[in-house]
Amino acid sequence: MVTFDFSISCNSFLNTMDIKREMERKGEVFSSFEKSSMIGWMDPVDATLIEKIFHIRDRIKQNSKCLVVIGIGGSFLGSYAMKEMFSDYFSKEEFPIIYAGTSLSSQYMDQLLSYLKTIDFSVQVISKSGTTMETMITYQLVKQLMEEKYSKEELRKRIIITTDSKEGSLRKEAETEGYDAFIIPNNIGGRYSITTPAHLLAMSFFLDISKFLEGFYQGLKRQEEAYQYAVVRKLLFERGKYIENFCVYEPKLYYFTEWLKQLFGETEGKEQKGIFPVSTVHTRDLHSLGQFIQEGNPILFETFFKIHHSTKILYNQLELHHINNVVLDSVVDAHISGGVPCNLIELDQIEEDTIGQLCAFFMLSAAYSGYLFGVDPFNQPGVEVYKKRIRENLELHF
Ligand code: PA5
């Protein structure tokens with residue numbers, strides 16, 4: 001179960017008339033959303049696609065010791081966030097997944113290639129555009145190594161391309177070389193692609209993707225609450241709360257907040273508008289940024305994630321998890337007293353369906369928020385500017 005509580009922000013920091021005004025825009029916002037050509041993620045995932053994902057996953061498990069996932073931004077954060085959330089902190093991974101292409105660190109690349117020389121592996125390269133520099137450089141370097149290690153026939157069993165249905169060099173390569181390929185549909189943008197093979201293939205190694213998708217479809221029904229959250233955030237912004245801090249008390253959720261940062265940042269942050277998303281992991285950051293949040297420049301509001309059930313480990317007859325949640329409640333109280341509006345999202349526990357619900361909720365809410373701010377929630381012209389500059393400066397042609 002997932003519940004949302006925006007009452008603290010509404011009752012203590014916002015004005016009833018403002019809330020009413022923005023709530024009355026719901027029809028207009030929902031209608032713009034429904035007319036959008038970029039909401040392919042509202043459609044159920046085809047069963048044959050899931051079968052193909054399982055088939056390829058099983059083959060990779062048989063012929064490889066690890067999967068290297070190459071992608072960045074919306075082509076990486078979703079599955080990476082899930083991997084962090086659903087992996088044990090210490091036990092060795094059953095089937096390691098290595099992520100690459102998220103930096104241009106030559107040290108990372110050097111060490112990655114040295115490691116990959118020693119084991120059998122497969123690669124999933126993910127780029128909707130097929131032109132993203134970090135992804136393409138990484139893929140080409142890893143592929144060079146694969147060509148030294150494997151025959152052409154073997155490469156066809158080890159390279160999986162995930163890209164646009166028609167355009168781009170990766171699509172051409174998949175066709176000419178006969179590599180297995182998945183499509184990122186035209187009507188789904190990178191940050192909204194968590195239910196596409198860009199993420200589901202990797203996720204199928206460490207979680208039950210059917211349960212995740214069931215949860216996701218449930219979450220898509222929570223449109224009213226997703227709209228309320230969008231309204232509350234927008235009104236807080238109008239009151240000078242320009243930054244939203246996502247606070248987690250379970251470090252495994254850190255990368256989920258990174259996914260949220262991209263989702264909201266790239267959706268709203270255009271035409272000089274939008275809330276700047278940040279995140280803190282508690283209790284660690286209470287001992288560093290806590291001071292600023294409590295008493296510094298009052299430009300923040302917060303959204304807390306509270307998880308009801310975790311392990312039963314005890315400290316002095318008290319569950320450690322209970323102590324963690326009492327700290328959360330106390331911090332909410334303290335921050336409210338410091339003038340920081342706080343929203344609360346509560347989950348029973350970290351499970352596939354709950355997290356699927358949350359993903360859908362946030363995707364809906366981010367999209368509604370874009371419309372409330374008067375921007376296109378589904379484009380990212382700013383990202384394209386930097387990509388183009390780099391290609392010009394380095395004279396690279398992908
Ligand atoms: O959300 C987005 O559109 C971006 O973050 C992209 O996912 C990211 O830039 C990678 O793009 P591509 O999948 O085309 O390589």
Side-chain angles (χ1 to χ4, degrees), residues 36-41 68-83 99-104 123-143 159-174 179 181-203 255-270 274 276-277 359-360 362-367 369-370 375-392 394 396-398:
S36 167
S37 58
M38 293 305 290
I39 56 169
W41 44 275
V68 181
V69 175
I70 302 174
I72 195 166
S75 290
F76 128 86
L77 268 169
S79 81
Y80 192 79
M82 296 301 135
K83 181 172 172 286
Y99 286 81
T102 59
S103 80
L104 293 167
V123 161
Q124 183 189 18
V125 54
I126 309 162
S127 177
K128 188 173 180 195
S129 60
T131 59
T132 301
M133 181 191 57
E134 296 90 330
T135 308
M136 297 312 284
I137 289 180
T138 304
Y139 173 54
Q140 283 165 20
L141 289 171
V142 171
K143 196 176 165 194
I159 294 180
I160 299 105
I161 286 181
T162 307
T163 190
D164 185 80
S165 61
K166 293 193 186 80
E167 304 292 322
S169 59
L170 283 176
R171 175 55 52 191
K172 239 180 256 157
E173 185 177 335
Y179 296 151
F182 287 110
I183 292 170
I184 305 178
N186 279 340
N187 59 359
I188 301 183
R191 61 191 172 277
Y192 290 88
S193 69
I194 196 154
T195 56
T196 72
H199 304 277
L200 292 178
L201 176 62
M203 281 159 65
Y255 262 91
F256 184 62
T257 68
E258 289 294 306
W259 178 78
L260 287 173
K261 287 186 212 170
Q262 180 190 9
L263 180 64
F264 283 96
E266 230 173 34
T267 295
E268 295 170 351
K270 46 201 82 151
F276 190 75
C359 291
F362 281 116
M363 283 160 63
L364 286 171
S365 195
S369 181
V375 298
D376 179 347
F378 300 115
N379 67 359
Q380 54 285 327
V383 181
E384 302 309 322
V385 176
Y386 117 90
K387 287 183 178 181
K388 187 166 173 285
R389 285 286 165 89
I390 288 179
R391 279 199 298 274
E392 286 164 4
L394 285 170
L396 291 173
H397 305 287
F398 294 119

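Model, not experiment: these values are computed from the prediction. Order of appearance sets the numbers: ligands from 1, and atoms from 1 within every ligand.
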Quiz item: Would you call Thr131 and Met136 a side-chain contact if the rule is heavy atoms closer than 4.5 Å?
Solution: no
Quiz prompt | Taking atom 14 (O) of ligand 1 as the reference point, the nearest protein heavy atom with its distance | solution = Ser129 OG, 2.6 Å
Quiz item: What is the nearest protein non-hydrogen atom to atom 9 (O) of ligand 1, stated with its residue, atom name and distance?
Solution: Lys387 NZ, 3.0 Å
Practice problem: Count the heavy atoms of every other residue, nucleotide or ligand shown that sit under 6.0 Å from CD of Glu384, and state whether that count exceeds 12. | Solution: yes
Quiz item: In the protein, what heavy atom is nearest to atom 7 (O) of ligand 1, and what distance, to one decimal place, separates them?
Solution: Gly74 N, 2.9 Å
Quiz item: Do the ring planes of Trp41 and Tyr192 sit parallel (below 30°), tilted (30 to 60°) or perpendicular (above 60°)?
Solution: parallel
Quiz item: Going by the atom numbers of ligand 1, which of them fall below 4.0 Å from some non-hydrogen atom of Gln262?
Solution: 1 (O), 2 (C), 4 (C), 5 (O)
Quiz item: Does an N or O from Gly130, backbone or side chain, lie closer than 3.5 Å to an N or O of ligand 1?
Solution: no
Practice problem: Please step through side-chain contact (heavy atoms from CB on, under 4.5 Å) for the pair Trp259 and Tyr80, ending with a clear verdict. | Solution: CA-CA 9 Å; Trp259 178 78; Tyr80 192 79; over 6 Å; no
Exercise. Please write down residue, atom name and distance for the protein heavy atom closest to atom 1 (O) of ligand 1.
Key: Glu266 OE1, 2.7 Å
Quiz item: Any side-chain heavy atom of Met82 sitting closer than 4.5 Å to one from Ile194?
Solution: yes
Self-check item: Nearest-neighbour protein heavy atom for atom 10 (C) of ligand 1, which is reported as residue plus atom name and distance
Solution: Ile72 O, 3.3 Å
Quiz item: Where's the contact between Gln380 and ligand 1, heavy-atom distance under 4.0 Å: side chain, backbone, both or neither?
Solution: side chain
Exercise. Decide yes or no for Asn379 and Lys270: does some side-chain heavy atom of the first lie under 4.5 Å from some side-chain heavy atom of the second?
Key: yes
Quiz item: Are there more than 12 heavy atoms of other residues, nucleotides or ligands under 6.0 Å from atom OH of Tyr179?
Solution: yes
Quiz item: Atoms of ligand 1 less than 4.0 Å from Thr132 heavy atoms?
Solution: 10 (C), 11 (O), 12 (P), 14 (O), 15 (O)
Quiz item: Looking at Ser127, which atoms of ligand 1 are within less than 4.0 Å of one of its heavy atoms?
Solution: 12 (P), 13 (O), 14 (O), 15 (O)
